[in-house]
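Everything below concerns the one structure shown next.
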Amino acid sequence: MGLIDDAAFLLLSTVAILSGWRVFATDSMVRASFLLMMSFIAVGLIMLLLAAPYIGLATVFMMAVEMMVMALFMVMFMMNPAGLNPMMMVHQHQLAIGAGVFAFVGLTAAVLFTDLPDDRVDPGAPVVHDLGVELLGNSMLIFETAGVTLLATMVGAVVLSSRSGRFGAADEGSRPPGLEVGGEPAGRQPVQGGGGHHHHH
Amino acid sequence: MQAVAILSVLLLLLFGAWLAAILDRAGNALVAGDRVRTAAVRPLHDLAAHLSRQTTTTEAPDRLNWRLAPVAYLALAALGLSVVPLAPGVVAADFDAGIVLWGACEALTVVVVFLHGWSANSEFPLIGGYRYVAIGLPVMLISMFVLIAAALPAESLSVAAIVESQREIWNVVRQPIGLPLFLLLGLSLTLRGPFDYADSDDLIGGTRAEASGAQLAAWQFARLAMLASVSVMASAVFLGGYLGPVLPGALWLILKSGVVLAVLIAAGHLLARMPPSRMMTFIWTVLLPLSFLDLVLVGAELLIWG
Amino acid sequence: MTLTTVLIVAAALIGIGLYGALSQQSFVMLMMGLELMLNGTLLAAIGFWSYGLGGAPEGQLMAIIVMAVMAVDMAVGFALIVAVYRKRQADVTESLTTLKN
Amino acid sequence: MAVAALRRLALRGPVPVHAAIGTDALAAVDDLSLDPRISVQQSPRHAAILLVAGPLRDEDRSDLCRLHDQLPHPRATVFWRTDPAIQIADPPVVSVEDDAAATIASVYRSLIEEGRPSEPDLQPDTPPNPWRGKGDHGQGGEGMMGGTPYGRPMAMTGDDLRDGLQLDPYTAEFGPFLPVFPPGLKLRITLQGDVIQFAKVLRPPLPQEEQSGPSAALRRIARQLRLLGLTGQAARALRLASVGDGKAAGVRRLRRLVKWSGSGQAIPPGLGRVGGADVRDRLAAWWEVASGETAEARAPDRTLVDLLPGLEWSEAMLVLNSFDIATLTGMCPIEKREDKAHSEEEKDAPEPHDHDGHQDQMRGAA
């Protein structure tokens with residue numbers, strides 16, 4: 001059993017890391033979203049191996065929905081969602097690579113030089129049951145706070161993204177960005193007299 | 001025992017898809033006022049016709065995702081079915097959190113259908129994919145609420161425990177709103193009838209409009225297999241699964257699933273489909289509150305009598 | 001599979017996520033970097049719980065909190081993207097040199 | 001051995017047919033679709049036989065070629081009630097007037113079993129817009145955006161009609177053989193998501209015979225039912241339309257069946273209001289006619305291009321199929337030049353791109 005677990009862990013962690021890397025290397029935005037989802041699914045399955053079935057499956061469940069929405073946003077906001085034109089939309093590339101490598105090396109070193117605890121969870125323990133009791137028992141306040149936070153987030157998200165704001169339409173006087181920083185607005189020009197919305201037919 | 005269960009899951013999918021294909025044709029003929037001249041081998045004719053044709057391609061599709069989508073759809077049907085106990089103690093994947101696994105399969109189905117529409121690089125499949133996401137996500141929310149309601153009396157997220165909790169009274173009696181709402185999810189997961197927003201005729205077949213030959217056959221088979229999977233799940237969670245007198249448990253499960261399958265197919269043929277924007281309003285203002293109500297009622301019932 | 005290997009995988013995910021969050025110009029891609037970092041965090045939390053706490057449920061609670069943070073991050077992020085896009089029709093970071101308007 | 005068995009099995013099912021409908025052939029194809037020997041497919045990708053029914057306009061021929069090339073191999077074309085419009089096979093298969101199904105079945109049999117060669121592509125398999133080798137990576141675009149990589153124009157931003165979020169609209173030509181359109185109608189449509197932002201009539205529908213009476217009403221009802229996902233009920237309506245007399249009881253039963261389906265509530269109220277009647281009213285009037293009563297006809301006071309913008313695709317299809325073809329033709333004036341009234345709307349629509357010759361895309365021809 002230990003060998004199978006090890007092999008599964010090796011496979012899943014390879015998938016998680018490779019697809020996590022490919023997210024930033026593919027041209028297709030939809031593929032990028034679903035590669036990230038793959039990474040999450042692999043991590044969710046690793047959690048199954050780590051004896052946390054509820055958290056693992058909930059991660060898969062949540063991330064499938066989240067990445068679906070992410071993919072739609074990609075298609076909506078990116079000029080080139082299918083990656084038919086190759087593209088490289090990065091800045092401070094060297095710095096970013098350096099920071100990424102530094103974070104990895106630093107964390108790995110910390111992991112390797114720390115005396116890690118070894119108090120394995122009992123495979124037969126009713127972890128899902130325990131989690132439920134904990135969530136609605138001792139930690140109920142924390143759990144409910146998370147719930148209220150999510151509710152507030154939902155309200156905030158709707159307010160932020162809706163068109164009509166407290167002081168009129170949100171896109172009123174909106175001004176498209178220039179092709180270079182501080183340049184003339186590109187694309188459609190702001191309409192005279194304010195109001196980004198044109199006539200509606 | 002687990003090997004038997006895994007084999008049974010595969011057989012159940014195959015047999016269920018076949019039965020669904022036959023019932024589908026018969027249902028259509030009945031509604032059309034035709035003579036029902038369906039035969040048991042008729043699905044094989046269609047399969048052979050598909051396989052004898054070329055699998056075409058479009059200009060610059062996302063080929064990997066396009067070809068993988070039917071396979072992934074089928075895999076999700078199998079995975080979802082694997083948490084259902086087929087007889088006392090016979091379950092392919094005995095998870096503590098079986099319902100959550102099923103929920104993950106639902107969510108991934110939305111992703112797979114979207115990918116099938118997206119990757120063909122053609123407008124009707126793409127519109128089908130978009131629409132399906134808009135309708136599929138809220139329908140999935142509804143199903144999560146009714147499934148949690150069904151899990152409440154069992155005090156467990158495991159499907160086996162949910163079946164066992166229905167020894168005295170089936171969930172369909174205890175929580176009558178749950179089953180119809182779950183069946184709506186079934187229609188949505190299998191792109192059928194009033195919830196067929198991905199593969200509908202007004203989009204020339206939607207996400208499968210550009211699929212042909214073996215790929216089309218695989219996609220259609222996956223849809224039917226998913227239908228079988230949903231039927232079995234519905235009968236396990238709401239109709240007591242393998243519980244029943246006299247007959248062996250597995251037979252009871254098959255009988256109940258067959259009835260659910262027939263109901264789903266009949267609903268697909270008899271009910272009209274709304275335009276998606278109207279359906280969205282209906283889901284968010286009527287169906288979703290109804291699923292809240294279901295959850296609240298079950299909670300109240302358990303507090304008072306439980 | 002030991003706690004060390006699990007944590008190294010988590011560190012790799014965090015590293016890649018950090019690279020993405022720092023290097024990407026597009027808001028949506030930038031958020032994907034953040035999500036990937038949270039993915040690593042989640043894995044590390046569960047790893048610690050599984051190996052270090054002997055199954056105390058508070059560890060799983062931590063993971064649930066991380067997931068809630070992810071959801072909040074997504075929702076607020078998307079809402080901000082939509083709001084900024086309405087205002088500036090911008091979807092890359094360079095277009096925003098000021099928070100005015 | 002296995003291949004032969006597969007072929008034998010395939011031949012025992014109905015023949016999958018995709019119909020390209022021309023002048024005066026809609027009712028005939030509807031009747032043909034009831035034949036158990038064939039099954040009419042919506043998408044050309046799902047068919048083995050292309051049925052060209054009724055004469056076509058000259059300008060529809062290139063669309064027909066494109067449609068033909070979308071059928072998977074092995075494929076064949078059958079002409080019915082028309083001379084061969086395009087040179088495909090030698091000799092072309094022309095069906096006899098009264099039994100097209102038999103001709104189709106025999107062509108299918110020879111195609112599957114007797115080694116009749118599959119028809120080759122009519123159009124060269126090359127991209128319509130030259131793009132190969134252009135750009136930094138040979139992708140055809142200029143840099144990351146713009147250009148027409150793989151013959152696809154990159155979507156640029158435009159107003160959303162619903163909430164003004166300026167996201168990518170997409171312009172394409174639909175028709176003239178799209179099964180959900182009246183035959184011959186070709187539109188250029190700008191879509192954002194599945195919402196129509198802008199529509200322009202390129203070619204009006206082709207005239208069809210039999211525009212009044214219970215049978216015609218039932219055929220129109222059948223089209224509407226198909227859009228609502230009620231294929232069985234639609235087939236029943238067509239069957240009723242094809243029998244001559246004594247259908248009052250049948251129509252009553254069908255109407256009850258359709259009522260139970262909730263189709264009355266499925267169609268949004270006030271959709272496609274023209275001359276004081278919306279889609280629901282027009283459907284109700286057809287039911288009156290189908291039951292042998294008379295309904296007053298209302299003259300349309302709007303054109304199609306005014307009606308469609310703002311509608312979501314399936315609503316637009318309901319509207320489009322809620323008119324009889326003569327009325328719809330009256331609503332489709334072709335603007336040769338953009339006159340004053342429309343030039344302003346034109347400005348909003350992004351530069352339309354020509355998709356002609358896009359041979360493996362279904363948008364143009366299907």
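Values below: all heavy atoms of this structure, side chains included; hydrogens, waters and symmetry mates excluded. By convention in this document, chain letters (A, B, ...) are assigned in the order of the sequence lines, proteins followed by strands, and residues within each chain are numbered from 1.
Looking at D:F181, there are no atoms closer than 4.5 Å to chain B (heavy atoms on both sides), in backbone or side chain. Looking at B:N28, both its backbone and its side chain come within 4.5 Å of chain D, counting heavy atoms on both sides. Contact of B:R53 with chain D is made through backbone and side chain together, with heavy-atom distances under 4.5 Å. Proximity to chain D is limited to the side chain of B:I127, based on heavy atoms less than 4.5 angstrom apart. Using a 4.5 Å cut-off between heavy atoms, D:A47 touches chain B through its backbone atoms (N, CA, C, O) alone. Of the two parts of B:P276, the backbone and the side chain both hold a non-hydrogen atom closer than 4.5 Å to a non-hydrogen atom of chain D. Looking at D:L318, the atoms closer than 4.5 Å to chain B (heavy atoms on both sides) all sit in the side chain, from C-beta outward. Within the 4.5 angstrom heavy-atom criterion, only backbone atoms of D:I267 (N, CA, C, O) approach chain B. Neither the backbone nor the side chain of D:R7 comes within less than 4.5 Å of any heavy atom in chain B. Proximity to chain D (any heavy atom under 4.5 Å) is shown, for B:A134, by neither the backbone nor the side chain. Interface residue B:S52: backbone and side-chain heavy atoms are both found under 4.5 Å from chain D.
For chain D, the option among B:M274, B:R278, B:M279 with the highest count of heavy-atom pairs below 4.5 Å is B:R278. Taking D:V258, D:V15, D:L225, D:L230 one by one and counting their heavy-atom pairs under 4.5 Å with chain B, the maximum is reached by D:L230. Interface remark: of the candidates B:D46, B:L44, B:L203, B:L203 forms the most heavy-atom pairs closer than 4.5 Å to chain D. Each of D:P16, D:A234, D:A237 has some count of heavy-atom pairs under 4.5 Å with chain B, and the biggest count is that of D:P16. Counting heavy-atom pairs closer than 4.5 Å to chain D, the top residue among B:A211, B:P275, B:S212 is B:P275. No other option in D:E315, D:Q41, D:R75 has as many heavy-atom pairs under 4.5 Å with chain B as D:E315.
Interatomic distance, B:L47 CG to B:W18 CH2, rounded to the nearest 0.5 Å: 10.0 Å. Separating the OH atom in D:Y108 from the CZ atom in D:R116 is a distance of 14.0 Å, to the nearest 0.5 Å.
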Where do D:R8 and D:E113 land on the salt bridge (Lys or Arg N to Asp or Glu O under 4.0 Å) test, with the steps shown first? CA-CA 8 Å; D:R8 264 201 310 282; D:E113 211 171 37; over 6 Å; no
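Ring-centre distance between B:Y130 and D:W313: not below the 6.0 Å cut-off. Taking the centre of each ring, B:F238 and B:F182 come in below the 6.0 Å mark.
Residues of residues 283-291 of chain B having a heavy atom under 4.5 Å from any heavy atom of chain D: none. Along residues 213-231 of chain B, the residues that come nearer than 4.5 angstrom to chain D, judged on non-hydrogen atoms, are B:L216 in order of number.
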